[in-house]
There are 2 protein chains.
Amino acid sequence: MSEPPGTVDVAVVGAGLAGLVAARELTRAGRSVAVLEARDRVGGRLLNVPVGDGAVVEIGGQWVGPTQLRVRELADSLGVGTYPTYDEGDKLFEYAGRIRRYRGSIPRINAAVLADVAQAQLRIDRMARRVPLEAPWRAPKALEWDSQTCWSWIRRHTATEGARKLLALGIEAVWAADPADLSLLHLLFYTHSGGSFDELIGTSGGAQQDRLVGGSQVLAQRLAEQLADAITLEAPVRRIERDDGSVRVIADPGSTRAAAVIVAVPPALCGRIVYDPPLPAQRDQLTQRMPQGSVVKCLAVYERPFWREQGLSGQATSTEGPVKVMFDNTPQEGSPGVLLGFLEGRQARELAQWSAEARRNAVVACLARVFGEAAGRPSEYIEKVWAEEEWTRGCYGCYMPPGGWMDFGPALRAPIGPVHWAGAETAVVWNGYMDGAVSSGERAAAQALATLA
Amino acid sequence: MSEPPGTVDVAVVGAGLAGLVAARELTRAGRSVAVLEARDRVGGRLLNVPVGDGAVVEIGGQWVGPTQLRVRELADSLGVGTYPTYDEGDKLFEYAGRIRRYRGSIPRINAAVLADVAQAQLRIDRMARRVPLEAPWRAPKALEWDSQTCWSWIRRHTATEGARKLLALGIEAVWAADPADLSLLHLLFYTHSGGSFDELIGTSGGAQQDRLVGGSQVLAQRLAEQLADAITLEAPVRRIERDDGSVRVIADPGSTRAAAVIVAVPPALCGRIVYDPPLPAQRDQLTQRMPQGSVVKCLAVYERPFWREQGLSGQATSTEGPVKVMFDNTPQEGSPGVLLGFLEGRQARELAQWSAEARRNAVVACLARVFGEAAGRPSEYIEKVWAEEEWTRGCYGCYMPPGGWMDFGPALRAPIGPVHWAGAETAVVWNGYMDGAVSSGERAAAQALATLA
């Protein structure tokens, strides 16, 4: 455990993508920086795990979409290439007790259900476009939209049980939360922030289109190499003291004085730092109202991606679960074969309480049900219960329950004197994604720079 | 700043009513106790303020109702008497731009609105009785009820705008939160926990019926006298280390070893303590999902309670606000006259951002509009923005947004090894009230005692 530098221009809390990008911007502007990271590694919600033969895959955030320009530019600048998520062959869909095989983006199920879903999505996209990204609380019907859950809206605006299940599945896949958890306004803001609902849930053409060569964490690792001595690991920040002109950031191994600090951890965790003087009411109560989603990311490793030989893409969805969303997550090398399964929202919360063995059995049994017997015998099984991670406490990100945006939204990005906020949750475009993390780091760095003499 | 004792049987975090009652129970059972309190005073959300001539009134929780047996028994045992909240004379109701004077419990407004409200309340009470207090998530329609906000339910089950405003006013008065913030299941649980909706909002016969002689904080002060050396003030607990058999509770002035610890602070603040090993996923994510309500409690002091001379009770409600609920809060002595006004939910959040002077002006102007010119010239104005209080961060208590009870409810009281949870939010009966704080302290003490050798 090394000590952080005693004095710098700007301190950064958290070496996730947002914090590292902020630090790079500050360094480029000729400022000295100290990045204080609680873990013994950089990357935050980005984490590679080895799957044999030198290959790695991600057990955290991993995909980049075609319109995610900030993270693409970052990858380019770091010499990190992309390759397409495996999206060839048929998809599988478990619905109403049957597994159906289909091509394209729409499974062949009951036409009334499909029409019902399509109309709901159309409505969502149309409403979403009316939500100002910089200020969702100014949407024309903001109060009404923020006063109800997505569950309530779906129930009112769909006619079939099938459509409700499918929309729930989509919401769980995007937010790792249930339709009951989310404010409708949050869904609309987030949808607009990413473009459209199809872009949020899509593979080719959507947010899951591409992968990063070497695994997404490599972005953080390369940034960290550039920042070198500026980063102190195993340095959880416990306290931030501030006066008009400066801050003192106190971490376990030591403290750093700076003219400003950028706090680049999820809003729910921002509230766990002690601030002296204490934060204003609105900012503090915001941190009580942006809970993290709940996800267990599961990787089943096989000698080769056997499903490809059967003309399957490895992409599957199931309304039964417990694994509701599955992907081929084989590394670029083509082996070993890796199936990725997500436990999300209620399933994650329930199964997180099981023993690791029972959870593994349930996940693998589900994969076998969908992909056939061979999927029931992985050579390795790797999982991450993100809510157990002390320095993340959930994934994919923090969301707004009803009432959050209206009364607390304005506190999301507003600096408190020399204390600035970054992180994917504070982004305007692609909120909640790597892309949003990058732009938030850039924005926070610019804000902090503007305050320096 | 004195140091806490080095070793005791049980440590208690927080010297609010729950923590103090727990400590008393443990002491009575012959166990040694250390109560670690962050503030320089005991009482938590109970706080007396002087209003001149030796009289005090409460700027925090204050009332006790007829069925609140645990807190009544506690008051008895401490020699603290009760006296009735001033409830004579007419009430005032500002509605649709007019101030109406009425007697009894129902203002004379549009009969359709009154019938609409009455029917909604009847439905709420009927549903509430079906919520098991020990396990709200087992209610017959728990999933449906926990998937929607109170706003959605009210909108669907009322026909008039007036009824919606009145029900919103009632909800704000009870939870210091907006109908959009609360899960319907939470409203139903809480209503059942207190008896009925009328009991929650009522004065005579309801939760606001009586006051405590000497001010409610006297309960905490008398308990503290009995506990004497067991309490360490100015000792915020930062960290709780545990193994199978014991805990180490680390506060700013020193640490205490114990066989068990009772954490008696609001759930939202429980998450701000560092636990080693970290808490399980469900318990941690619960603390991200029980935000504190938002209230500014305002006291306007006058030479005498002049409204009484006009045949007014001092009780008033207004659908316009910003002060929506007003009471005569004159101390038992009968002078000075004190009007109490609450800013709750959205009003509290909005006005908490104003300067103290602007807020005072808005509150006093509102009192003058309702009670006449004389109310516009208080000799003193006292207020507390509870969300600014570092060791409470809101009031009246933490509530469940949609989805909270279903997925996280079971973690509310379940001990984590030697770590037990108390506080009004963990109570089964009169959850959120002083009465619930008392029973929660008794329950947690019994749990902890049962684990001691």
Side-chain angles (χ1 to χ4, degrees), chain A residues 143-144 146-153 155-156 177-183 236 238 268-269 271-282 284-285 287-292 294 296 345-346 348-350 352-353 385-390 393-394 398 401-404 406-408 410-411, chain B residues 143-144 146-153 155-156 177-183 236 238 268-269 271-282 284-285 287-292 294 296 345-346 348-350 352-353 385-390 393-394 398 401-404 406-408 410-411:
Chain A
L143 188 58
E144 183 181 327
D146 204 33
S147 294
Q148 59 190 300
T149 63
C150 292
W151 182 92
S152 290
W153 187 87
R155 199 156 152 125
R156 202 183 162 107
D178 298 322
D181 298 327
L182 298 174
S183 157
R238 306 296 185 178
L269 299 190
R272 297 178 178 190
I273 296 168
V274 177
Y275 301 85
D276 183 15
L279 293 179
Q282 192 189 28
D284 186 275
Q285 287 211 324
T287 71
Q288 300 179 35
R289 283 165 172 83
M290 283 196 77
Q292 277 276 20
S294 310
V296 184
R346 182 152 295 139
R349 294 162 191 167
E350 171 71 25
Q353 298 172 59
V385 182
W386 278 95
E388 283 178 356
E389 288 281 302
E390 188 176 10
R393 281 303 189 185
C398 299
M406 288 310 293
D407 287 357
F408 303 95
Chain B
L143 188 58
E144 183 182 327
D146 204 34
S147 294
Q148 59 190 299
T149 63
C150 292
W151 182 92
S152 290
W153 187 87
R155 199 157 153 124
R156 203 184 162 106
D178 298 322
D181 298 327
L182 297 174
S183 157
R238 307 296 185 178
L269 299 190
R272 298 179 178 189
I273 295 168
V274 177
Y275 300 84
D276 182 15
L279 294 179
Q282 192 189 29
D284 186 275
Q285 288 211 323
T287 71
Q288 300 178 35
R289 284 166 171 81
M290 283 196 78
Q292 277 276 19
S294 311
V296 184
R346 182 151 297 138
R349 294 162 190 167
E350 171 71 25
Q353 298 172 59
V385 181
W386 279 95
E388 283 178 356
E389 288 281 302
E390 188 176 11
R393 281 305 189 185
C398 299
M406 288 310 293
D407 287 357
F408 303 96

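By convention in this document, chain letters (A, B, ...) are assigned in the order of the sequence lines, proteins followed by strands, and residues within each chain are numbered from 1.
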Checking A/Glu389 against chain B: side chain, backbone, both or neither under 4.5 Å from a heavy atom? neither
Non-hydrogen atoms of chain B under 4.5 Å away: do they reach the side chain of A/Ile273, the backbone, both or neither? neither
Taking side chain as everything from C-beta outward and backbone as N, CA, C, O, which of these in [X] sits under 4.5 Å from a heavy atom of chain A? Side chain, backbone, both or neither.
| X | result |
| --- | --- |
| B/Thr287 | side chain |
| B/Tyr275 | backbone |
| B/Leu182 | neither |
| B/Gln285 | side chain |
| B/Glu144 | both |
| B/Arg238 | side chain |

What I'd like to find out is whether the side chain of [X] reaches to under 4.5 Å of the side chain of [Y], using heavy atoms alone.
| X | Y | result |
| --- | --- | --- |
| B/Gln353 | A/Pro280 | no |
| B/Glu390 | A/Val274 | yes |
| A/Met406 | B/Asp178 | no |

Flag the one option from [options] with the top tally of heavy-atom pairs under 4.5 Å to chain B.
| options | result |
| --- | --- |
| A/Ser294, A/Cys398, A/Gly394 | A/Ser294 |
| A/Gly271, A/Gly345, A/Ala352, A/Gly404 | A/Gly271 |
| A/Pro179, A/Ser183, A/Pro402 | A/Pro402 |
| A/Glu350, A/Arg155, A/Arg156, A/Met290 | A/Arg155 |

Do the side chain of [X] and the main chain of [Y] share a donor and acceptor less than 3.5 angstrom apart?
| X | Y | answer |
| --- | --- | --- |
| A/Arg349 | B/Gln282 | no |
| A/Gln288 | B/Gln292 | yes |
| A/Gln148 | B/Gln148 | no |
| B/Arg346 | A/Asp407 | no |

Nearest-0.5 Å distance that lies between atom CG in B/Asp284 and atom CG in A/Leu269: 8.0 Å
Could you grab the distance from atom CG of B/Asp146 to atom CH2 of A/Trp151, nearest 0.5 Å is fine? 10.0 Å
Considering only heavy atoms and a distance below 4.5 Å, find which of B/Arg393, B/Arg272, B/Arg289, B/Glu388 pairs most often with chain A. B/Arg393
One option among B/Ala268, B/Gly403, B/Pro291 has the most heavy-atom pairs under 4.5 Å with chain A, and it is B/Pro291
